[in-house]
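First listed ligand is number 1; within each ligand, the first listed atom is number 1. For the single chain, residues carry numbers from 1 onward in sequence order.
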Amino acid sequence: MKRIAVLTSGGDAPGMNAAIRAIVRKGIYEGFEVYGINYGYAGLVAGDIRRLSAEDVGDIVGRGGTCLYSARYPEFANREGQEKGIEQLKKFGIEGLVVIGGDGSYQGAVALTKLGFPTVGVPGTIDNDIPGTDYTIGFDTAINTVLESIDRLRDTASSHMRTFIVEVMGRNAGDIALWTGIGTGAEQIIIPEHGFHLDEIGEAIKEGRKNGKKHTIIVLAEGVMTGAELKEELCQFDPESDTRVTVLGHVQRGGAPTARDRVLASRFGAKAIDLLKEDIGGVCVGIRNGEIIYNDIVDTLENGKHVPNLDLYTLNKEISF
Ligand code: ATP
């Protein structure tokens, strides 16, 4: 294998640039010619492909977003799109591909793998919802951004004896809510992976107010319901509460990656190159207990399941009252 390519796909995540940089630089170091594909699978099918030099990835390690741009391109779920993609790769003489993205992007990598094209998946999403890894690129930065926002909300919540519902991202995963709930001392964390009783939450808020608590912060994972819906439900149990809803939205995706995300992305990128150098495709990289690993990507997606650390949920019950 002499010529390889890299693309980013799905939602952007801080640290994707650090991964691209590592793939390009380590690729060149190992003797590969490295190509960049713009706009994910859309750019692949369109042939928006160019050779990248070491200089092309200079000055990006600390930047959020992705210098290769990203796109949602549902057509890639069809065989026709996938075959067109492989045709383009062959046209450019590319023999291996690194896909940086979330689970949807991994589905594309699986499709290419099943059609016989050596592909390596690198987990890049703020949601931390990909099986086969403890952490994904972007998660650490996103939770730090959320922490900062909730800390600010706490100031105003305390001043006005308010209840704040903070809706955070995560798609169907509760990791962002769990980590930021613990990190900000939120009274309640509501995630899709654990049941909850609204009446108990309503009672706890009232009880806290009676006991002189100045504010209540509820961190709600978007996969459960919207903040507005939760407010409406809670009002039935606690009509007196002055409840405000904050939806943090896309600010959670942006910003300079943390040191942890930059290092994780660099390690993942370098591992992807090591694998392609050994002619190993059809895999995805990950981190388990601090060690960089890889797994079969088809098996990971078909049989793996991401589960957040539910010990954190229990911990929050024990320390936030
Ligand atoms: P995030 O969860 O962070 O938004 P993601 O990678 O899961 O990232 P998606 O929009 O789900 O984001 O997927 C990104 C792209 O991957 C899609 O636009 C499409 O091009 C491709 N893709 C998604 N599902 C499939 C599939 N079943 N088969 C082939 N390609 C797919």
Side-chain angles (χ1 to χ4, degrees), residues 5-17 19-20 37-49 64-66 68-89 97-117 119-133 135-143 145-146 168-177 192 221-223 248-255 257 261 264-265 268 282 284-286 297-298 300-302 304-306 308:
V6 54
L7 63 81
T8 49
S9 163
D12 63 307
M16 279 182 164
N17 277 327
I20 295 166
I37 300 170
N38 289 327
Y39 300 105
Y41 295 116
L44 171 61
V45 169
D48 191 352
I49 302 172
T66 159
L68 289 177
Y69 314 104
S70 192
R72 311 255 184 212
Y73 185 64
E75 293 87 337
F76 206 70
N78 305 326
R79 175 91 179 227
E80 201 191 331
Q82 296 154 12
E83 281 172 353
K84 266 196 212 153
I86 291 183
E87 250 171 57
Q88 291 287 6
L89 290 165
L97 175 68
V98 184
V99 170
I100 308 170
D103 54 349
S105 307
Y106 267 34
Q107 295 286 357
V110 163
L112 293 173
T113 296
K114 286 185 171 167
L115 290 173
F117 197 88
T119 307
V120 177
V122 170
T125 168
I126 64 164
D127 302 332
N128 209 44
D129 61 348
I130 304 186
T133 187
Y135 298 107
T136 57
I137 297 169
F139 174 65
D140 189 64
T141 307
I143 57 177
T145 304
V146 173
V168 299
M169 282 183 165
R171 288 227 190 170
N172 296 315
D175 297 60
I176 294 179
E222 66 176 353
L248 292 181
H250 283 82
V251 293
Q252 294 165 90
R253 285 248 179 98
D261 269 332
L264 184 70
F268 280 168
C284 50
V285 302
I297 193 168
V298 178
T300 300
L301 266 200
E302 288 177 1
K305 186 171 160 36
H306 167 75

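Taking distance alone, with nitrogen or oxygen atoms compared against 3.5 Å, Gln82 stays at or beyond that limit from ligand 1.
Counting the atoms of ligand 1 from 1 in the order shown, those under 4.0 Å from a heavy atom of Tyr41 are 16 (O), 20 (O), 21 (C). Listed by atom number, the atoms of ligand 1 under 4.0 Å from Gly102 heavy atoms are 5 (P), 6 (O), 7 (O), 8 (O). Near Gly108, with a cut-off below 4.0 Å to any heavy atom, the atoms of ligand 1 are 29 (C), 30 (N), 31 (C). Of all atoms in ligand 1, numbered sequentially from 1 with element shown, those under 4.0 Å from a heavy atom of Arg72 are 4 (O), 9 (P), 10 (O), 12 (O), 18 (O). Heavy-atom contacts of Asp127 reach the following atoms of ligand 1: 2 (O) (cutoff under 4.0 Å).
With a 4.0 Å cut-off on non-hydrogen atoms, Asp129 does not touch ligand 1 at all. With a 4.0 Å heavy-atom cut-off, ligand 1 is reached by the side chain of Arg171 but not by its N, CA, C or O. Of all the heavy atoms of Tyr73, the ones lying under 4.0 Å from any atom of ligand 1 are found in both the backbone and the side chain.
Protein heavy atom in closest approach to atom 24 (N) of ligand 1: Gly104 O, 3.5 Å. In terms of protein heavy-atom proximity, atom 8 (O) of ligand 1 is closest to Gly11 N, 3.5 Å. The protein heavy atom nearest to atom 29 (C) of ligand 1 is Phe76 O, 3.2 Å. When hydrogens are left out, the protein atom nearest atom 3 (O) of ligand 1 is Thr125 OG1, 3.0 Å; that is the closest non-hydrogen contact. Regarding atom 26 (C) of ligand 1, its nearest protein heavy-atom neighbour is Gln107 CB, 3.3 Å. For atom 28 (N) of ligand 1, the closest non-hydrogen atom on the protein side is Ala77 CA, 3.5 Å.
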Check your understanding: Which is it for Thr136 and Asp127 under the side-chain contact (heavy atoms from CB on, under 4.5 Å) test, yes or no, and what are the steps along the way?
Key -> CA-CA 8 Å; Thr136 57; Asp127 302 332; over 6 Å; no
Practice item. Check the pair Tyr69 / Asp48 against side-chain contact (heavy atoms from CB on, under 4.5 Å), numbers first and verdict last. Key: CA-CA 11 Å; Tyr69 314 104; Asp48 191 352; over 6 Å; no
Exercise for review: Evaluate side-chain contact (heavy atoms from CB on, under 4.5 Å) for Met169 paired with His250, printing each intermediate quantity in order.
Suggested key: CA-CA 8 Å; Met169 282 183 165; His250 283 82; 4.0 Å; yes
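No more than 12 heavy atoms of other residues, nucleotides or ligands shown are found within 6.0 angstrom of CG on Asn172. Annotation: Tyr39, atom OH; neighbour count of heavy atoms from other residues, nucleotides and ligands within 6.0 Å does not exceed 12.
Between the side chains of His306 and Asp175, at least one donor N or O lies within less than 3.5 Å of an accepting N or O.
Between the Asp261 side chain and the Gly138 main chain, a donor and an acceptor come within less than 3.5 Å of each other. In this structure, Gln88 contributes its side chain and Val45 its backbone to a donor-acceptor pair below 3.5 Å. Distance alone, capped at 3.5 Å, places no donor-acceptor pair between the Thr125 side chain and the Gly101 backbone. In this structure a side-chain-to-backbone donor-acceptor pair under 3.5 Å is missing from Tyr41 to Pro74.
Taking the six-membered ring where tryptophan is involved, the planes of Phe139 and Tyr135 are essentially parallel, since the angle between them stays under 30° and well short of 60°.
Among Ser105, Gly10, Pro123, the residue whose heavy atom lies closest to atom 6 (O) of ligand 1 is Ser105.
In this structure, Ser9 is part of the shell of residues with a heavy atom less than 4.0 angstrom from ligand 1.
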